[in-house]
Amino acid sequence: MSTPSSAIGHYIAGQAHAGTSGRQQPVFNPATGATSGQVALANAADVDAAVAAAQAAFPAWSDTPPIRRARVMFKFLELLNHNKDKLAHIITAEHGKVFTDAQGEVSRGIDIVEFACGMPQLLKGDFTDQVSTGIDNWTLRQPLGVVAGITPFNFPVMVPMWMFPVAIAAGNCFVLKPSPIDPSASLFMADLFKQAGLPDGVFNVVQGDKEAVDALLVHPDVKAVSFVGSTPIANYIYETGAHHGKRVQALGGAKNHMVVMPDADLNQAVDALIGAGYGSAGERCMAISVAVLVGDVADKLIPMLEARARTLVIKHGEELDAEMGPIVTAAAHQRITGYIDLGVEEGAKLLVDGRTFTGADAGEGCEQGFWMGGTLFDHVTPDMRIYKEEIFGPVLGCVRVKDFAEAVHLINAHEFGNGVSCYTRDGHVAREFSRRIQVGMVGINVPIPVPMAWHGFGGWKKSLFGDMHAYGEEGVRFYTKQKSIMQRWPESIGKGAEFVMPTAK
């Protein structure tokens with residue numbers, strides 16, 4: 001783990017790299033408020049060095065048979081499984097999420113690595129014999145070259161793993177630009193890749209801020225960019241990258257709703273809302289931030305929800321019984337507090353006020369940390385900013401609607417379309433909801449419907465800029481380009497006899 005004087009740098013061409021910019025910013029432990037290190041912030045020269053290393057490694061890596069690339073990925077997978085708790089502790093120390101949640105993050109990232117190990121099968125093309133007399137036609141998928149990932153603070157392991165395992169297994173070389181808020185996990189993963197036998201330059205890490213992002217977006221040797229973050233930045237990434245001729249996949253913000261029908265199991269619905277609303281302190285793009293309560297269910301559910309929100313176990317993430325940890329930074333804490341103030345001003349009914357929770361309540365040593373309790377609003381209306389805007393914190397708002405049709409209309413009218421859930425016992429309602437709702441990821445009695453590794457992640461509307469979702473088969477298509485080959489031979493080509501079993505060479 002880092003110390004206050006620790007320098008957290010880049011990883012370029014298989015080696016630690018201090019960088020040339022001279023710029024850096026502190027890294028904090030959100031639970032204590034203490035500085036745990038100083039992370040370097042890359043300039044264009046540092047980005048150039050990382051891209052050059054990737055470009056130099058690309059010819060040999062792209063020519064490496066997919067089965068051999070998969071063997072490196074299998075070794076990386078083995079090392080990840082052996083070190084997953086170490087990674088989880090790194091996440092908790094720099095992000096603040098509770099250790100058990102961090103373990104879950106690592107496990108979901110490992111799922112993508114397992115998926116990427118199947119790349120030899122995923123890269124298989126199509127073949128048609130005799131498309132015309134003496135002519136055969138087939139397709140194959142080839143890597144793009146150097147590709148980049150720009151990832152957020154809230155999942156410093158899982159979100160990068162949405163990108164680089166698929167990209168690298170497909171034959172690309174990768175430059176990762178993680179969040180400077182929690183940068184250490186990226187270097188730990190780079191070290192594991194080195195141990196797995198990945199050639200130098202295939203995976204590189206540049207720490208940094210907007211200067212590094214802009215350098216990647218305009219670099220002529222970067223062929224594709226993947227991004228996860230807020231909608232304004234996703235839009236900027238998409239427009240800038242596309243303007244410079246890059247393939248772009250930019251996942252933006254969210255305002256995820258959970259509809260509770262009158263026939264729902266209320267205990268299950270409350271558990272779902274508490275976990276999905278306050279887990280990871282609400283700092284995830286699939287968090288439920290709006291409960292849509294249909295008919296008379298609100299009067300029954302809200303007292304249960306309020307009681308449960310008041311008993312959230314909020315403490316240092318290393319405590320195994322913790323349900324919620326601190327807010328990631330002091331600035332984020334201030335922003336979320338401002339939204340709670342705004343909700344009160346707008347006329348929503350504040351049932352549970354997270355502003356009253358302090359570091360002293362979290363336990364010894366936490367007095368200077370970035371602490372907040374869960375907040376619950378009732379009588380939120382669609383014209384309020386706390387309804388329309390992404391808060392990205394432990395704030396859950398309840399909207400009352402008269403019937404199912406109004407619930408669907410409410411959700412479809414929102415500018416975001418990332419994730420949504422519906423709790424009901426009625427199969428017809430569930431089917432209609434799944435078909436009618438204009439949201440990319442839907443859960444029926446599942447509060448956080450994050451797709452598994454082989455299905456792909458992505459929302460609709462202003463939650464996704466670009467045509468392809470992350471990971472899964474769409475991820476393979478994003479990081480490869482199709483080539484169609486038509487072939488005709490005037491005569492067969494003779495070859496001497498071979499007496500050994502054919503093997504992959």
* To do: Compute the centroid of each ring, for Phe465 and then for Phe227, and state whether the two points are separated by less than 6.0 Å.
  => no

* Asked: When the ring centroid of His17 is compared with that of Tyr11, is the distance short of 6.0 Å?
  -> no

Distance, nearest 0.5 Å, that separates [atom1] of [X] from [atom2] of [Y]:
X	Y	atom1	atom2	result
Ile411	Gln438	CD1	CD	10.5 Å
Ile314	Glu319	CD1	CD	14.0 Å
Ile391	Ile340	CD1	CD1	8.0 Å

* Asked: Does the Ser36 side chain pair with the main chain of Val27, one donor and one acceptor, at a distance under 3.5 Å?
  -> yes

* Can any side-chain N or O of Ser21 pair as donor or acceptor with the backbone N or O of Ala42 at less than 3.5 Å? -> no

Charged N to carboxylate O under 4.0 angstrom, [X] versus [Y]?
X	Y	answer
Lys462	Glu415	yes
Arg23	Glu211	yes
Asp353	Arg310	no
Asp341	Arg355	yes
Glu323	Lys315	no

* Structure fact -> Those residues at least two apart in sequence (or on a different chain) that pass side chain to side chain donor-acceptor pair (under 3.5 Å) with Asp378 are Arg400

* Report the residue from His414, Glu346, His257 that forms a side chain to side chain donor-acceptor pair (under 3.5 Å) with Tyr387. => His257

* Among Tyr471, Trp162, Tyr479, whose side chain to side chain donor-acceptor pair (under 3.5 Å) with Ser226 holds? -> Tyr479

Side chains of [X] and [Y]: donor-acceptor distance under 3.5 Å anywhere?
X	Y	value
Tyr238	Gln249	no
His89	Glu318	yes
Glu94	Asn29	no

* Partner of His244 by side-chain contact (heavy atoms from CB on, under 4.5 Å), out of Val218, Leu216, Leu217, Val222 -> Val218

* **Option among Val380, Leu351, Ile302 that satisfies the side-chain contact (heavy atoms from CB on, under 4.5 Å) test with Cys398** => Ile302

Is the number of heavy atoms from other residues, nucleotides or ligands under 6.0 Å of [X] [atom1] greater than 12?
X	atom1	value
Asp467	CG	no
Lys84	NZ	no
Glu474	CD	yes

* Tyr423: what forms a ring pair (Phe, Tyr, Trp, His ring centres under 6.0 Å) with it, not counting sequence neighbours? -> none

